Amino acid sequence: MAKLPFSFYQGTDVNLLAQQLLGKVLYTRLGDEITAGIIVETEAYKGVEDRASHAYGGRLTNRTQTMYERGGISYVYLCYGIHHLFNVVTAPEGVPHAVLVRGLEPLQGLELMLARRKMLVLKPNLTAGPGALAMAMGIDRSLNAKDLLGDEIWLEDQGALLSEPEIVSCPRVGVDYAGEHALLPWRYYVKGNRYVSKPNR
DNA sequence: GTGCGGATGAACT
DNA sequence: GTTCATCCGCACT
């Protein structure tokens with residue numbers, strides 16, 4: 001096991017963190033059920049100054065509280081009343097930066113993922129897209145604010161798992177309401193990977 | 001207490 | 001391309 005160290009999550013350059021998370025491995029262990037996937041798509045949300053962020057303008061509520069805690073924990077919330085979205089909280093306590101994980105390449109526990117998604121055969125949409133991958137990994141709000149160095153949900157560096165991990169950046173998805181901030185190229189993904197949601201943007 | 005809308009995905013035409 | 005499922009969080013009264 002080579003879990004990402006506490007220090008990895010303390011940087012304040014959330015865009016750099018978002019790129020560095022590509023190729024890392026996300027694990028969940030729920031009871032005896034272990035699943036894992038390689039991160040291939042992320043988006044950076046830059047705290048108080050980012051209109052697309054829940055913490056824009058310093059907003060502090062029961063939900064956004066998690067983002068203000070020190071880096072190295074999870075931030076999981078419900079979107080559209082249906083989908084759970086998983087984020088990695090970064091930066092020191094008081095700085096609400098987070099990275100949304102939008103795409104995973106399955107690595108371990110494929111049968112479990114298929115069962116959780118009620119799918120019979122492997123298709124890229126098993127884990128392409130933030131709501132889809134959360135369901136496949138068994139992530140819901142009970143995994144909010146968990147220590148990412150714990151044994152329920154964590155990240156590892158297993159070296160170069162992707163061939164030619166060319167990184168592409170482009171505007172973020174679904175944040176049109178954020179005005180000019182919607183145009184910032186703060187989405188990052190591995191070029192050509194099948195588990196990237198909406199590849200042509 | 002009430003009302004509105006969302007960092008989506010799937011199933012349609 | 002369009003529609004809809006489905007419900008919590010947030011702002012406001």
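None of the values given here were measured: they were computed from a predicted structure. Numbered from 1 within each chain, the chains take letters A, B, ... in sequence-line order.
- Look at A:T61 and you won't find any side-chain N or O under 4.0 angstrom from OP1 or OP2 of C:dG9.
- Remark: DNA chain C takes part in the stems B:1-6 with C:7-12, B:8-12 with C:1-5, each of 3 or more antiparallel Watson-Crick or G-U pairs, criterion distances under 3.5 Å.
- In this structure, NE2 of A:H84 is placed 14 Å from C1' of C:dA5, rounded to the nearest angstrom.
- One can place CD of A:Q65 at 15 Å from C1' of C:dG9, the figure rounded to the nearest angstrom.
- A donor-acceptor contact shorter than 3.5 Å is absent between the side chain of A:T64 and the backbone of A:A55.
- Checking side-chain atoms of A:Q108 against main-chain N and O of A:I34 turns up no donor-acceptor pair under 3.5 Å.
- Residue-level contact check: A:A52 touches the bases, meaning some heavy atom is under 4.0 Å from a base atom.
- Distance OH (A:Y56) to P (C:dA11): 13 Å, rounded to an integer number of Å.
- Remark: the backbone N or O of A:G129 is not paired with any side-chain donor or acceptor of A:K198 at under 3.5 angstrom.
- Reading DNA chain B from its 5' end, the first and the last nucleotide to sit under 4.0 Å from a heavy atom of chain A are B:dG6 to B:dA10.
- The OH-P distance, from A:Y77 to C:dC10, rounds to 11 Å in whole Å.
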Self-check item: side-chain contact (heavy atoms from CB on, under 4.5 Å) assessment of A:I153 paired with A:L148
Solution: CA-CA 6 Å; A:I153 181 166; A:L148 294 177; 4.2 Å; yes
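- With rounding to whole Å, A:L60 atom CG is found 15 Å from C:dG9 atom P.
- Put simply, NE2 on A:H83 is 11 Å from P on C:dT6, counting in whole angstrom units.
- With 3.5 Å as the limit, one finds a donor-acceptor pair spanning the side chains of A:H54 and A:Y75.
- Residue A:R51 is out of contact with every strand shown, counting any heavy-atom pair closer than 4.0 Å.
- Note: CE (A:M135) to P (C:dT6) measures 12 Å, nearest angstrom.
- In terms of position along DNA chain C, the nucleotide closest to A:I82 lies nearer the 5' end than the nucleotide closest to the other residue of the pair A:T64 and A:I82.
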Exercise. Please lay out, stage by stage, how A:M137 and A:M113 fare under the test side-chain contact (heavy atoms from CB on, under 4.5 Å).
Key: CA-CA 6 Å; A:M137 296 290 289; A:M113 292 193 200; 3.9 Å; yes
Practice problem: Decide yes or no on side-chain contact (heavy atoms from CB on, under 4.5 Å) for A:W186 and A:N15, but give the supporting numbers first. | Solution: CA-CA 7 Å; A:W186 287 0; A:N15 279 282; 3.0 Å; yes
Quiz item: Stepwise, does the side-chain contact (heavy atoms from CB on, under 4.5 Å) test hold for A:K146 with A:I139?
Solution: CA-CA 11 Å; A:K146 292 288 186 185; A:I139 294 171; over 6 Å; no
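- With A:R187 contributing its side chain and A:R172 its backbone, the two residues share no donor-acceptor pair below 3.5 Å.
- As judged by a 4.0 angstrom heavy-atom cut-off over every strand, A:G131 is placed among residues touching the sugar-phosphate backbone only.
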